[in-house]
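For reference, the structure is listed below as structure tokens.
Please read all numbers here as calculations on a predicted model, not as lab measurements. Residue numbers start from 1 in every chain, and the chains themselves are labelled A, B, ... in the order their sequence lines are given, proteins ahead of strands.
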Amino acid sequence: MNEVRTRFAPSPTGWLHIGGVRTALFEILFAHHHGGEAILRIDDTDQDRLVPDAISGLIEDLSWVGLHFDEGPSNEEIPLDANGRASGMGIGGPFQPYTQSLRLHRYREIAEQLIGLGCAYRCDCTPERLQEERAEQAARKDPLGYSGFCRDRHVSSQVPHVVRFKIPQDRSMVLADAVKGDVRWDPIILRDPVLLKSDGFPTYHLATVADDHDMRISHVLRADEWLSTAPLHLLLYETLGWDAPVFAHLPPVLGTDGKKLSKRHGATFLRTFREAGYLPEAILNFMALIGWSPGDGEEEEIFSLAELTRRFTLERVNNAGGVFSYEKLKWMNGVYIRSLSAPDLQARLRPFLISANLPIDEDKLGRIIPHIQPRLELLPDAVPLVAFLFTDRIERDMSAMLKKGMDAGTASAICTKAAEQLASLPAFDAASIEAALRRVAEESGAKSGPVFAVVRIAVTGKTVTPPLFESIFALGRQQSVHRLNETVDILKIG
RNA sequence: GGCGCUAUCGUCUAACGGUUAGGACAGAGCCCUCUCAAGGCUUAAAUACGGGUUCGAUUCCCGUUAGCGCUACCA
């Protein structure tokens, strides 16, 4: 295989969609598997749908999730933000610019060439005319689409117009798709599609074919929904005398109802997953497994990006669409959280604890990290588990404490004894704390379970916490004893 | 409507004509256990339907059904 070059060409119409992440991931996995390059191109040909700052947002999202392209928009191409600041996230490369709105002259040149060849023509039909045409077709129950009214009218270049591609009659086409296999259209049914819009911008079809050719793209990996327009693209390559790249149409990522994943299924923007506390590594690993699998009877499914790159082939890409399972992503996120080093987890947790308004004490946090680690599915799950460490006043669920045969007198005695024991411990560590509390249980004559439950609520305020002894150790002797005594007072009043 | 794509447990998928149809998530049960997790073990659960081809079809072919996509001066 010659040099492999793939491209990911999102439209800057908003945040990066999770489905886009899967496409971008496959572009990179495939290119890098073959030692080639993955190119990031900005498809901003629809001026009406542009969203300010979307380009830098897209690049930032891609970078956060760990998808790094080899070529892409340079710093100069990326618009300044609202404050006039540069994003500094440019990539650059030998085929600059990588932003389609900056390549308009090229598309116009090709459109002119096509007109000269007699393969395209100017059309000045108004939207109203087109609308009427469609209404008539609908009334007659004919197939909808442009009639070709302007095909031979030789519309002047001086009037507002679009440029349409002249679809040859009675042509058939076969696409040797790298994942779908041979797909044939016989005959091709296309209605003279617009190549150049009246605002001078190209449509997707022209722009993508021109750029893929100019940028030496060898493999076009793209979503399934493009399959029906593939014959048009093939035709364009053919009439322009260019070699077409290899196409690979990727199966769609679906919502639980089997329709394309969209907002009503839940989060769809990568940004949202980031804010919800998902790890980039987990997201990539999970997305790789929708529409691709290692096969060969491999039963492992936790793969690093490097491992995915090593294993990825188009042959193993699935044909059928796959439902995006939030449940499984969550599970996998937990797997990745558990695999983090303690300092790494602590660092990743920090922003979430801060946004929950917890005044973090790094030492205390460090002590509890290993014990909350297996209890997290999402990063913010840590908040309720560690909050007791960072506040002076805790709310205690007293009704939970005095449940199941536990009366105030007994509870009070337990807290008193526990406070005494903890205060007099020669060494204040988890093992010693455990020994002390077991002694308290023994002396009180109650079972250790209920005793620990009382202490747990007394010290943390909650019924669900990290392991008790480690929690007390993390909190520190002084505060723990204080909270125990506080509880005795509360029980007295109550 | 037309054209195209797709079809294995609820979900993601494995099985490149011969398997007791395997794994993972979710579910159930048990073990471990100071709560909650994590972990270990066990369990239930699928080849859409109908025809072919073949000694033999999840696998190849055809049809049916269902779902999805496209049918724009959106991508």
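With both ends at atom C1', the span from B/rC5 to B/rC36 equals 46 Å, rounded to whole Å. Between the P atoms of B/rU20 and B/rU58, the separation comes to 13 Å (whole Å). Spacing of C1' atoms, B/rC12 relative to B/rA45, comes out at 15 Å, to the nearest Å. Comparing B/rG10 with B/rG27, their P atoms sit 16 Å apart, to the nearest whole Å. To the nearest whole angstrom, the two C1' atoms, one in B/rU8 and one in B/rU59, are 11 Å apart. For the C1' atoms, the distance linking B/rA38 with B/rC32 amounts to 11 Å, nearest Å. Separation of the P atoms belonging to B/rC34 and B/rG23 is 33 Å when rounded to the nearest angstrom. Separating the C1' atom of B/rC49 from that of B/rU65 is a span of 7 Å, rounded to the nearest Å.
Close to B/rG39, at under 4.0 Å from its OP1 or OP2, lies a side-chain N or O of A/Arg338. Distances shown here put every side-chain N or O of A/Asn318 at or beyond 4.0 Å from the OP1 or OP2 atom of B/rU6. Of the side-chain N and O atoms in A/Thr208, none sit less than 4.0 angstrom from OP1 or OP2 of B/rA75. Phosphate proximity of B/rA15 to A/Arg316: present, with a side-chain N or O under 4.0 Å from OP1 or OP2.
Base pairing analysis places B/rA44 opposite nothing; no Watson-Crick or G-U wobble pair with both distances below 3.5 Å involves it. The pairing partner recorded for B/rA15 is none, the criterion being a Watson-Crick or G-U wobble arrangement whose two distances lie under 3.5 angstrom. B/rU65 and B/rA7 make up a base pair, with Watson-Crick or G-U wobble contacts both under 3.5 Å. In this structure, B/rG39 and B/rC31 make a Watson-Crick or G-U wobble pair, each of the two defining distances being under 3.5 angstrom. In this structure, B/rC70 forms a base pair with B/rG2, meeting either the Watson-Crick or the G-U wobble geometry with both donor-acceptor distances under 3.5 Å. A 3.5 Å limit on both hydrogen-bonding distances identifies no Watson-Crick or G-U partner for B/rA21. Across all strands shown, B/rC60 forms a Watson-Crick or G-U wobble pair with B/rG52, both key distances being under 3.5 Å.
Salt bridge A/Lys260/A/Glu225: present, at least one basic N to carboxylate O contact under 4.0 Å.
Side-chain proximity of A/Leu289 to the nucleotides B/rC73, B/rA72, B/rC12 is greatest for B/rC12. For A/Ile290, whose side chain is taken as the heavy atoms from C-beta onward, the closest listed nucleotide among B/rU6, B/rU13, B/rC70 is B/rU13.
Between the C1' atom of B/rA75 and the NE2 atom of A/His17 lies a distance of 13 Å, rounded to the nearest Å. Between the CG atom of A/Asp224 and the C1' atom of B/rG67 there is a distance of 13 Å, given to the nearest Å. Put simply, CD1 on A/Ile42 is 17 Å from C1' on B/rC74, counting in whole angstrom units. Spacing between atom CZ of A/Phe247 and atom P of B/rG4 amounts to 18 Å, rounded to whole angstrom units. The distance between atom OH of A/Tyr326 and atom P of B/rG10, rounded to the nearest whole Å, is 21 Å. Look at CG on A/Asp199: it is 12 Å from C1' on B/rC74, rounded to the nearest Å. Between the CG atom of A/Asp177 and the P atom of B/rG4 there is a distance of 15 Å, given to the nearest Å. Spacing between atom CG of A/Leu261 and atom C1' of B/rC68 amounts to 14 Å, rounded to whole angstrom units.
Remark: the A/Ser198 side chain and the B/rC73 base include a donor-acceptor N/O pair separated by less than 3.5 Å.
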Query - Intermediate values then yes/no, side chain to side chain contact (heavy atoms under 4.5 Å, CB included), A/Leu376 and A/Leu385 - result: CA-CA 9 Å; A/Leu376 306 180; A/Leu385 291 176; 4.0 Å; yes
Report task. With salt bridge (charged side-chain N to carboxylate O under 4.0 Å, His left out) as the test, would you mind laying out the steps for A/Asp212 and A/Arg41 before giving the verdict? Result -> CA-CA 10 Å; A/Asp212 287 344; A/Arg41 193 169 64 209; 2.9 Å; yes
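Here the two rings, on A/Phe469 and A/His371, have centers that are 6.0 Å apart or farther. Aromatic pair A/Tyr278/A/Tyr336: ring centres not closer than 6.0 Å. Ring centroids of A/Trp226 and A/Tyr204 are separated by less than 6.0 Å, placing the two rings close together.
Looking only at atom types and distance, the side chain of A/Arg456 has a donor-acceptor partner in the side chain of A/Thr465 under 3.5 Å away. No hydrogens or angles considered: a donor-acceptor pair under 3.5 Å links the side chains of A/Thr410 and A/Asp407. At a cut-off of 3.5 Å, with distance as the only test, a side-chain donor of A/Thr487 or A/Arg396 sits close to an acceptor on the other residue.
In plain terms, the two heavy atoms of A/Phe26 and A/Leu221 that are nearest each other are O-CD2, 3.6 Å. Taking all atoms of both residues into account, the shortest heavy-atom contact from A/Leu308 to A/Leu284 is CD1-O, 4.3 Å.
Partner A/Asp211 forms a side chain to side chain donor-acceptor pair (under 3.5 Å) with one of A/Arg103, A/Arg7, A/Arg106 and no other, that one being A/Arg103.
Within 4.0 Å (heavy atoms only), A/Thr13 reaches no atom of the nucleic acid at all. Looking at heavy-atom distances under 4.0 Å, A/Gly291 makes contact with sugar-phosphate atoms alone, never a base.
Nearest-nucleotide positions on RNA chain B place A/Glu298 closer to the 5' end than the other of A/Arg134 and A/Glu298.
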Query raised in the report: Nucleotide by nucleotide, 5' to 3', does protein get under 4.0 Å of the base (B), only the sugar-phosphate (S), or neither (-) in nucleotides 23-37 of chain B, counting heavy atoms?
Result: SBSS-------BBBB
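Annotation: proximity of residues 178-194 of chain A to RNA chain B (heavy atom, distance under 4.0 Å) is found for A/Lys180, A/Val183, A/Arg184, A/Trp185, A/Ile189, A/Val194, numbered in ascending order.
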